[in-house]
There are 2 protein chains.
Amino acid sequence: METAENRMSSTDIYQTVRNGLITGRFEAGSKLKPEILRKNYDCAASTMREVLFRLSCDGFVSFEEQRGFKVPVSTQNTLEEITSLRTLIEQEGARLSIENGDIDWEARFAAAHHKLAHIESRATAVNDVSPFIDVWSQAEWEFHDTLLSVCGSKMLRQLHRTFYDRFRQHQLLRDPDSMGFRPETLDEHEAILKSAINRDTELCCKLIKEHLHNNLMAYFNQLV
Amino acid sequence: METAENRMSSTDIYQTVRNGLITGRFEAGSKLKPEILRKNYDCAASTMREVLFRLSCDGFVSFEEQRGFKVPVSTQNTLEEITSLRTLIEQEGARLSIENGDIDWEARFAAAHHKLAHIESRATAVNDVSPFIDVWSQAEWEFHDTLLSVCGSKMLRQLHRTFYDRFRQHQLLRDPDSMGFRPETLDEHEAILKSAINRDTELCCKLIKEHLHNNLMAYFNQLV
DNA sequence: ATCAAGAAAAAATTCGATTTATTTTTTAAT
DNA sequence: ATTAAAAAATAAATCGAATTTTTTCTTGAT
């Protein structure tokens, strides 16, 4: 008998689709029809619907009653709101981490930065950065998450993750070729690392704000 | 032919269950089985499951794969995290509203406070406050939401609403008879109103922090 | 040609049943 | 009496089809 391929659980499908959404695999504004998508994930339409509902709660897809699911359309205002909230949350998380963090945290944060800086300098030196996107994204995420890792609030970290990913999603919605990084991020990340390790809370918050503001501006400037 | 009662849409059911959760109609830690609940809402188990997934995203119910849904158990730490995040968000919203708000906002905020104060003073004067819970809850929500109403960020307001409701849910999970209000809230609300209208951002943020901290403390003190 | 009404198609929603996994109960051996 | 394995019962997860609603297409009157 031919073996049936191992099926994914709905949670696996959820993860896969979520990942697809934040890596720009779906076109902005396009419909997400359970009946169509199910074929890609080998499941029933109602299972697909369940997954899409879960994604809609966190804002990765939009839902309108009797009208189904869509990839959200990115507007300037949406991205500004996402950036503001991410800034608010990341500043607070950094504040708490700087307060609580011990030498072990410093070491982990320095290590995360080291990895990230390595990738960023290699990516800056080259013409086509596309092969770096995936590793860079992962390293950047780990850098920012390590900063918050000893803030003491799981909830805050989770919320930060949602807004971090939503920002990335909206960058890609507008510009599917967006790398997400500018050469300047290298210096910005280093400054954040140093301020945190020096326990300079106010400077760190200021640098985070500038870093995220610059990300936002870079995005707007790409809009020809 | 006998007419079939008008059925609720899944979104209606979602709202109803959400409301039930934040008004203490489900016992902490109890299982939420789609097959059982469906009978109360006249729908299929899979529809119920869909609803529960939606609620789990915002933290109103907990979900574990292959083990179903539960009413969350309230721990001290959870409530502290919820309070901290609500404080962070409400302070930021107040800051922005104070910056943007015009005379119309002031008037609406004063009106919301007037209603709330009226209810609070009547409730304070009486022995059994239970008949006031529903109107008070609504008025308190409107007061806090009006404060944020011109912050310019729909997302922030939505997030605030989630944490506002989660706080209330956890109060009731621990103490099903919790009124949610203390006599002191009357003064605290008034002070917040005045500081906002005086455009004293820093004072307003401080008062919000104290107000929410006091809510939290009142909750802990009830734990015998 | 334009528009509205009605018909057809497509998509969203809901359903009841099947399959799969977990939990509880029973049985049997030590 | 305890424990371990097996069986039964319960609950979770998934499915494919039926139903309802929305959207698109067709037709015919102005």
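Remember, predicted model here, so these are calculated numbers, not experimental data.
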What's the CG-P distance between A:L52 and C:dA11, to the nearest Å?
15 Å
Atom-to-atom span, NZ of B:K39 to C1' of D:dA11 - whole angstrom
12 Å
Measure from CD on B:E64 to P on C:dT22 and round the result to the nearest Å.
11 Å
Taking the minimum atom-to-atom distance to the side chain of B:Q66, which one of C:dT22, D:dT22, C:dC15 wins?
C:dT22
Among D:dT14, C:dA12, C:dT14, which is the nearest nucleotide to the side chain of A:T47?
D:dT14
When you measure from the side chain of B:K33, which nucleotide among D:dA11, C:dA11, C:dT13 comes out closest?
D:dA11
For the side chain of B:K31, counting heavy atoms from C-beta on, which of C:dT13, C:dC15, D:dA11 is nearest?
D:dA11
Looking only at heavy atoms, which two atoms of B:R166 and B:D58 are closest? And how far apart?
CD-O, 3.2 Å
Tell me whether the rings of B:F69 and B:F63 are parallel (<30°), tilted (30 to 60°) or perpendicular (>60°).
tilted
If you find the nucleotide of DNA chain D closest to A:A44 and the one closest to B:P34, which residue's nucleotide is nearer the 5' end?
B:P34
Please report, rounded to the nearest Å, how far the C1' atom of D:dC15 is from the CD atom of A:E35.
12 Å
Where the side chain of A:E65 is concerned, which of D:dC15, D:dT14, C:dT13 is the nearest nucleotide?
C:dT13
Separation of atom NZ in A:K70 from atom C1' in D:dT23, rounded to whole Å
13 Å
Return the nearest nucleotide to the side chain of A:S46; candidates are C:dT13, C:dT14, C:dT22.
C:dT14
Could you tell me whether A:F63 contacts a base, only the sugar-phosphate backbone, or nothing, with contacts defined as non-hydrogen atoms closer than 4.0 Å?
sugar-phosphate
Check the distance between D:dA11's P and B:L37's CG and give it to me in whole angstrom.
12 Å
Rounded to whole angstroms, how far apart are CZ on A:R7 and P on D:dT14?
10 Å
Going by the angle between their ring planes, with limits at 30° and 60°, are A:W141 and A:H160 parallel, tilted or perpendicular?
parallel
Counting only N and O atoms by type, is there a donor-acceptor contact under 3.5 Å from the side chain of A:N214 to the main-chain atoms of A:E210?
yes
Rounded to the nearest Å, what distance is computed from the CE atom of residue B:M48 to the C1' atom of nucleotide D:dA13?
16 Å
Measure from the side chain of A:R67, starting at C-beta and using heavy atoms only, and say which of D:dT14, D:dT23, C:dG16 lies closest.
D:dT23
A:R49 side-chain N/O to C:dT14 phosphate OP1/OP2 under 4.0 Å:
yes
Hey, can you tell me if B:H211 and B:H189 have their rings parallel, tilted or perpendicular (30° and 60° cut-offs)?
perpendicular
